[in-house]
Protein chains: 2
Amino acid sequence: MRYSRDNMAGLLRSHDINPTHQRIEIAYALFSRMEHLSADQVMTQVNVHHSETSKATVYNTLNLFLQKGLIREVIVDPNKVFYDPNTRPHHHLYDVESGRLTDIDAEEIHINGLPPLPEGMTMEGIDLIVRIRKAA
Amino acid sequence: MRYSRDNMAGLLRSHDINPTHQRIEIAYALFSRMEHLSADQVMTQVNVHHSETSKATVYNTLNLFLQKGLIREVIVDPNKVFYDPNTRPHHHLYDVESGRLTDIDAEEIHINGLPPLPEGMTMEGIDLIVRIRKAA
DNA sequence: CTAGAGTTTGGACTTTGTCTAATTGCGGCA
DNA sequence: TGCCGCAATTAGACAAAGTCCAAACTCTAG
């Protein structure tokens with residue numbers, strides 16, 4: 001499925017999010033590229049033409065999307081969070097030098113031998129991060 | 001092996017680190033507990049008695065330890081880095097609500113089906129993080 | 001047209017971490 | 001002992017990411 005600005009309202013509504021102008025722009029920034037973006041990058045993208053959307057709105061909206069399950073958070077870099085429009089189960093390849101983040105499909109990956117969870121706990125998710133760098 | 005303040009100088013020297021007063025205190029804070037601590041927690045621990053060690057030194061020293069391979073960095077929380085005195089291969093269980101971080105030994109975990117790395121890249125490490133929370 | 005809920009906004013604030021220039025402290029040596 | 005020089009430490013200014021808040025705006029139902 002290709003995403004256009006016109007898809008966005010429906011996508012938002014289907015996740016129980018009231019589609020406003022700003023929310024559509026932010027969703028479009030993420031879904032049209034299908035890339036991992038930091039809050040800052042989203043902010044820049046959304047405001048390429050004129051400055052339309054405030055920092056507060058960008059953060060509010062990303063957190064709203066997160067909470068509604070529209071996007072995921074990827075924590076690999078000590079000083080910024082990346083937002084990931086891909087919510088299918090998958091893992092990440094992280095180039096520690098360039099900061100580039102790439103998806104690894106979870107389909108063919110199998111993880112065996114995980115210990116049982118502590119009493120009364122549920123698993124929220126498994127993140128697998130493969131850190132790579134240019135060979136020396 | 002149990003760690004005491006007296007072990008620390010040797011441990012530091014064996015990693016090519018000049019053992020100073022402050023460095024010994026910082027190493028001791030991490031190794032005597034064998035827990036994951038944030039820079040802030042290290043700072044507090046080290047200064048329980050009187051304020052002896054500055055913020056700059058704590059950060060400098062942790063980064064030095066990191067670079068010399070004495071400790072590892074664990075990135076799971078969007079707004080702080082944890083430092084891990086355990087450098088043996090292992091993974092983490094992260095309680096997203098309390099922020100508690102627990103080790104999972106890597107011995108019995110097997111990960112199959114990883115795709116080949118991109119040309120000219122080497123693997124720096126694999127981080128597996130199991131996020132858990134209290135059952136609803 | 002108006003009320004009210006929901007949304008957006010600028011800006012002040014907080015937290016984590018870095019940088020810098022000045023100071024301290026310690027080993028070696030006369 | 002006194003001095004030199006270097007490594008380590010320091011306080012505090014700064015930077016970047018993110019949160020908070022009260023005021024302003026918008027949109028829709030009546």
Side-chain angles (χ1 to χ4, degrees), chain A residues 8-9 12-13 15-30 36-47 49-68 70-84 96 99 101, chain B residues 8-9 12-13 15-30 36-47 49-68 70-84 96 99 101:
Chain A
M8 291 299 107
L12 295 183
R13 261 188 289 263
H15 280 79
D16 195 25
I17 297 166
N18 188 4
T20 66
H21 199 34
Q22 289 88 336
R23 287 171 182 176
I24 288 174
E25 284 304 314
I26 292 172
Y28 184 65
L30 286 159
H36 310 84
L37 299 180
S38 66
D40 210 54
Q41 293 173 309
V42 169
M43 175 94 158
T44 313
Q45 276 308 324
V46 165
N47 290 333
H49 303 303
H50 347 66
S51 182
E52 300 141 327
T53 304
S54 73
K55 188 171 59 145
T57 301
V58 171
Y59 280 100
N60 286 346
T61 303
L62 288 172
N63 285 324
L64 178 70
F65 286 3
L66 207 53
Q67 177 199 316
K68 297 289 188 179
L70 187 61
I71 61 177
R72 290 194 352 187
E73 200 175 32
V74 186
I75 302 171
V76 281
D77 183 296
N79 47 341
K80 62 183 81 185
V81 172
F82 286 98
Y83 295 91
D84 190 345
V96 293
L101 195 54
Chain B
M8 290 299 109
L12 294 183
R13 259 186 291 263
H15 280 79
D16 196 25
I17 297 167
N18 188 4
T20 66
H21 199 33
Q22 288 88 336
R23 287 172 182 176
I24 287 173
E25 284 303 314
I26 291 172
Y28 185 65
L30 286 160
H36 310 83
L37 299 180
S38 66
D40 210 54
Q41 292 173 310
V42 170
M43 176 96 157
T44 314
Q45 276 308 324
V46 165
N47 290 333
H49 303 302
H50 348 66
S51 182
E52 299 141 326
T53 304
S54 72
K55 188 171 59 146
T57 302
V58 170
Y59 280 100
N60 286 344
T61 303
L62 289 171
N63 286 324
L64 178 69
F65 286 2
L66 205 54
Q67 178 201 317
K68 296 289 188 179
L70 187 62
I71 60 178
R72 292 199 346 191
E73 200 176 30
V74 186
I75 302 171
V76 279
D77 182 295
N79 48 341
K80 62 183 85 192
V81 171
F82 286 99
Y83 294 91
D84 189 346
V96 292
L101 195 54

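Basis for what follows: all heavy atoms, side chains included, without hydrogens, waters or symmetry-related copies. Naming convention: chains lettered A, B, ... in sequence-line order (proteins, then strands); numbering from 1 in each chain.
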Tell me: [atom1] of [X] to [atom2] of [N], nearest whole Å?
X: B:L62; N: C:dT16; atom1: CG; atom2: C1'; result: 13 Å
X: A:L64; N: D:dT19; atom1: CG; atom2: C1'; result: 16 Å
X: B:M43; N: D:dT10; atom1: CE; atom2: P; result: 10 Å
X: B:I26; N: D:dT10; atom1: CD1; atom2: C1'; result: 13 Å
X: A:L66; N: D:dT19; atom1: CG; atom2: C1'; result: 15 Å
X: A:I24; N: D:dC27; atom1: CD1; atom2: P; result: 12 Å
X: B:E52; N: C:dG25; atom1: CD; atom2: C1'; result: 16 Å
X: A:K68; N: C:dG6; atom1: NZ; atom2: P; result: 12 Å

Given [options], which nucleotide is nearest the side-chain atoms of [X]?
X: B:T20; options: D:dA8, C:dG17, D:dA17; result: D:dA8
X: A:Y59; options: C:dT9, D:dA17, D:dT9; result: D:dA17
X: B:N18; options: C:dT16, D:dA7, D:dT9; result: D:dA7
X: B:N63; options: D:dT9, D:dA17, C:dT18; result: C:dT18
X: A:A56; options: D:dG18, D:dC20, C:dT8; result: D:dC20
X: B:T61; options: C:dT9, D:dT9, C:dG6; result: D:dT9

Under 4.0 Å between any heavy atoms, over every strand shown, what does [X] touch: base, sugar-phosphate, or nothing? Just pick one.
X: B:D77; answer: nothing
X: B:T57; answer: base
X: B:T53; answer: sugar-phosphate

Gap between atom CG of A:N63 and atom OH of A:Y83 - 0.5 Å precision: 5.0 Å
Side chain to side chain, B:V96 and B:V76, heavy atoms closer than 4.5 Å: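 Not touching, per the 4.5 Å side-chain cut-off.
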Polar side-chain atom of [X] near backbone of [Y] as donor-acceptor pair, under 3.5 Å:
X: A:Q67; Y: A:L64; value: no
X: A:D84; Y: A:H36; value: no
X: A:T61; Y: A:T57; value: yes

Nearest-nucleotide 5' precedence on DNA chain D, B:N60 against B:N79: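 Looking at DNA chain D, the more 5' nearest nucleotide goes with B:N60.
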Presence of donor-acceptor pair under 3.5 Å, side chain of A:K55 and base of D:dG18: yes
